[in-house]
Amino acid sequence: MTDIPDGFDAFVAEKDGDVVRRGVRRLAPADLPAGEVAIRVAWSGVNYKDALAAIPDGRVARISPLVPGIDIVGTVTASDDPAFTPGDLVIAHGYEIGVSRHGGFAAYARVPAGWIVPLPPGLTPREAAAVGTAGFTAADSVATLEARGLAPSDGPVLVTGASGGLGGLAVRILLARGYETWAMTGKPAAAERLRSLGVAGVVGREEAAAGDGRALGPERWAGAIDCVGAATLPWILRTLRRGAGVAASGNASGPALATTVFPFILRGAALLGIDSSQVPIGERRALWGRIATDLRPAGLGDDTTEVGLDGLPDALDAILAGRAEGRWLVRLGG
Ligand SMILES: NC(=O)c1ccc[n+]([C@@H]2O[C@H](COP(=O)([O-])OP(=O)(O)OC[C@H]3O[C@@H](n4cnc5c(N)ncnc54)[C@H](OP(=O)(O)O)[C@@H]3O)[C@@H](O)[C@H]2O)c1
């Protein structure tokens, strides 16, 4: 099976001693990993994990050279698996994609059939890319909190990293579902934009960083979605209401977690880990079906910036520095 042209463009990150060289190269079909399905990539997205995959000590890339890009949205051009036929619109993300096998920053990709999600009715390819891994993880976070009993009538729900990809989409999903949604951001300029979306309040990131030495704070949140980690997650645990949970998915400000046990043993707080990369394919397809319907983010596709492969160095640097806002989409054939 191959329906991939002899030469196509790809953005490649390659380790060279202590540095990672990044740039656009021509690849051939033989450069792509094995897989039953060939895809002409229409869109990818720029995720924090992609930025980590393209720096020396990011601890994400498992091969070198690597085509990063943990998100793939495109059209099947050939398939050895009868489940897919040329022309099918598909999404692929998670598992090894963009980590230990080439990902979406290329005009073509080859992917195992068992990792592919048919584009659900109700989403365009561009909208699916605007959701991407960030929005899928946001939807997983909301679904996990709700499976534990969270409902809009329970009270305020906090989202951190609210100007970023995952956080921004979590805000939009919660607003669409009628939650009293609060946003934490480190960007004062983003606060007005978040308010205009409909958030009930904005908390500055410095409030979480400050800390006052107390093991427990006022009971504020009926639930929380955190992709920032470091000082922010312990602050959330200290300010969750009795019995509330936080869905923790990220480490945008660092991986350390310094907390006491008091939120757990005195308030019954729940720390709910979210790992979108290994969600089994049946659940992954079902959750995408919900993203197209009852978990659809409000104003999906509004808060996006498009780049081509040659715009990736700037986009990757911006996301790593915390300067990026919303979702950055990589336009290939889209
Ligand atoms: N567990 C999973 O399955 C999964 C899936 C996707 C992503 N993630 C993780 O979730 C996090 C967010 O990913 P993303 O793709 O949404 O990234 P992103 O678009 O860059 O958003 C991250 C946001 O975090 C905030 N932030 C706080 N401290 C920061 C710091 N020191 N440096 C940079 N940003 C900081 C910023 O928002 P404000 O300025 O508004 O505070 C930033 O926009 C990452 O850690 C990523 O690895 C995990």
Side-chain angles (χ1 to χ4, degrees), residues 44-55 58-61 68-71 93-95 97-99 103 129-144 158-173 181-195 197 199 202-209 224-233 235-236 246-257 271-279 283-284 287 297 303-305 315-330:
S44 187
V46 186
N47 294 274
Y48 195 81
K49 195 170 177 181
D50 299 317
L52 293 177
I55 57 170
R59 296 154 89 182
V60 165
I70 61 173
D71 286 324
H93 68 117
Y95 309 115
I97 295 171
V99 174
V131 172
T133 297
F136 180 85
T137 310
D140 196 2
S141 302
V142 174
T144 299
L158 178 72
V159 177
T160 66
S163 75
L166 197 166
L169 285 155
V171 163
R172 287 165 180 269
I173 293 171
T181 307
W182 284 65
M184 177 178 280
T185 180
K187 302 184 187 80
E192 211 37 56
R193 193 173 48 78
L194 286 160
R195 280 201 188 86
L197 275 179
V199 302
V202 177
V203 183
R205 199 196 298 163
E206 68 286 348
E207 189 173 333
I225 294 177
D226 178 52
C227 66
V228 170
T232 301
L233 184 53
W235 179 84
I236 293 172
V246 52
S249 58
N251 60 347
S253 76
L257 177 60
L271 178 52
L272 308 165
I274 304 293
D275 172 17
S276 67
S277 70
Q278 298 304 321
V279 173
E283 287 172 39
R284 192 177 294 273
L287 190 55
D303 192 15
T304 50
T305 306
L316 293 166
D317 290 348
I319 204 167
L320 205 54
R323 292 197 313 271
E325 286 198 32
R327 281 279 290 161
W328 291 52
L329 306 185
V330 187

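Both ligands and their constituent atoms are indexed starting at 1 by order of listing.
- Between the CD1 atom in Ile274 and the OG1 atom in Thr144 there is a gap of 3.5 Å [rounded to 0.5 Å].
- Here CG of Asp317 is found 7.0 Å from CZ of Arg323. Values are rounded to the nearest 0.5 Å.
- Between Lys49 and ligand 1, not a single N/O pair is under 3.5 Å apart.
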Apply the test side chain to side chain contact (heavy atoms under 4.5 Å, CB included) to residues Asn47 and Trp328: give CA-CA distance (whole Å), side-chain angles for both, the deciding distance (0.1 Å), then the verdict. CA-CA 8 Å; Asn47 294 274; Trp328 291 52; over 6 Å; no

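- Between Ser249, Gly168, Gly45, Ala189, it is Ser249 that holds the heavy atom closest to atom 2 (C) of ligand 1.
- Looking at Ile70 and Lys49, their side chains come closer than 4.5 Å, going by heavy atoms from C-beta outward.
- With values rounded to the nearest 0.5 angstrom, Trp235 atom CH2 is found 9.5 Å from Thr160 atom OG1.
- Residue Ile274 has at least one heavy-atom neighbour below 4.0 Å for each of these atoms of ligand 1: 1 (N), 2 (C), 3 (O).
- What you find for Arg327 and Gly45 is that their closest heavy atoms are NH2-CA, 3.9 Å.
- In terms of N/O distances under 3.5 Å, ligand 1 is not approached by Asp275.
- Atoms of ligand 1 found under 4.0 Å from any heavy atom of Ser276, numbered from 1 in the order shown, are 2 (C), 3 (O), 5 (C).
- Residue contacts with ligand 1 for Ile319 involve both N, CA, C or O and side-chain atoms from C-beta outward (heavy atoms, distance under 4.0 Å).
- Using modelled atom types and a 3.5 Å distance limit, the side chains of Asp71 and Thr133 yield a donor-acceptor pair.
- For ligand 1 and Ser163, the ligand atoms under 4.0 Å from any heavy atom of the residue are 37 (O), 38 (P), 39 (O), 40 (O), 43 (O).
- Comment: Asp303 engages Arg193 in a salt bridge, judged by a side-chain N to carboxylate O separation of less than 4.0 angstrom.
- Residue contact annotation: Ala190 has no non-hydrogen atom under 4.0 Å from ligand 1.
- Contacts of Ala252 with ligand 1, taken as heavy-atom pairs under 4.0 Å, involve both backbone and side chain.
- The OH atom of Tyr48 sits 6.5 Å away from the CG atom of Asn251 when rounded to the nearest 0.5 Å.
- Looking at atom 17 (O) of ligand 1, its nearest protein heavy atom turns out to be Tyr48 CB, 3.4 Å.
- By heavy-atom distance, the residue among Ala138, Gly186, Ala247, Gly164 lying nearest atom 38 (P) of ligand 1 is Gly186.
- When heavy-atom distances to ligand 1 are checked against a 4.0 Å cut-off, Lys187 comes that close through both its backbone and its side chain.
- Taking CG of Asp226 as the start and CD1 of Ile236 as the end, the distance is 4.0 Å to the nearest 0.5 Å.
- In this structure, Leu169 and Val131 approach most closely via the heavy-atom pair CD1-O, 3.7 Å.
- Counting the atoms of ligand 1 from 1 in the order shown, those under 4.0 Å from a heavy atom of Gly161 are 23 (C), 24 (O), 25 (C), 37 (O), 38 (P), 40 (O), 41 (O).
- Of the protein's non-hydrogen atoms, Thr137 OG1, 3.1 Å is the one closest to atom 5 (C) of ligand 1.
- Residue contact check: Gly322 has heavy atoms under 4.0 Å from atoms 33 (C), 34 (N) of ligand 1.
- Looking at Val228 against ligand 1, only its side chain comes within 4.0 Å, counting heavy atoms.
- The N/O atoms of Gly326, backbone and side chain alike, include none that comes under 3.5 Å of an N/O atom in ligand 1.
- Among all protein heavy atoms, the one lying closest to atom 40 (O) of ligand 1 is Thr185 OG1, 2.6 Å.
- Across every non-hydrogen atom of Leu166 and Cys227, the tightest pair is CD1-CB, 3.9 Å.
- Among Gly229, Pro255, Gly204, Cys227, the residue whose heavy atom lies nearest to atom 12 (C) of ligand 1 is Cys227.
- Rounded to the nearest 0.5 Å, atoms CZ (Arg284) and CG (Asp140) are 9.0 Å apart.
- Distances from atom 26 (N) of ligand 1 to the heavy atoms of Arg323, Arg205, Gln278 put Arg205 nearest.
- For a threshold of 3.5 Å applied to N or O pairs, the pair formed by Gly165 and ligand 1 contains at least one separation below that value.
- Below 4.0 Å from some heavy atom of Leu166 lie the following atoms of ligand 1, by number and element: 6 (C), 7 (C), 8 (N), 10 (O), 16 (O).
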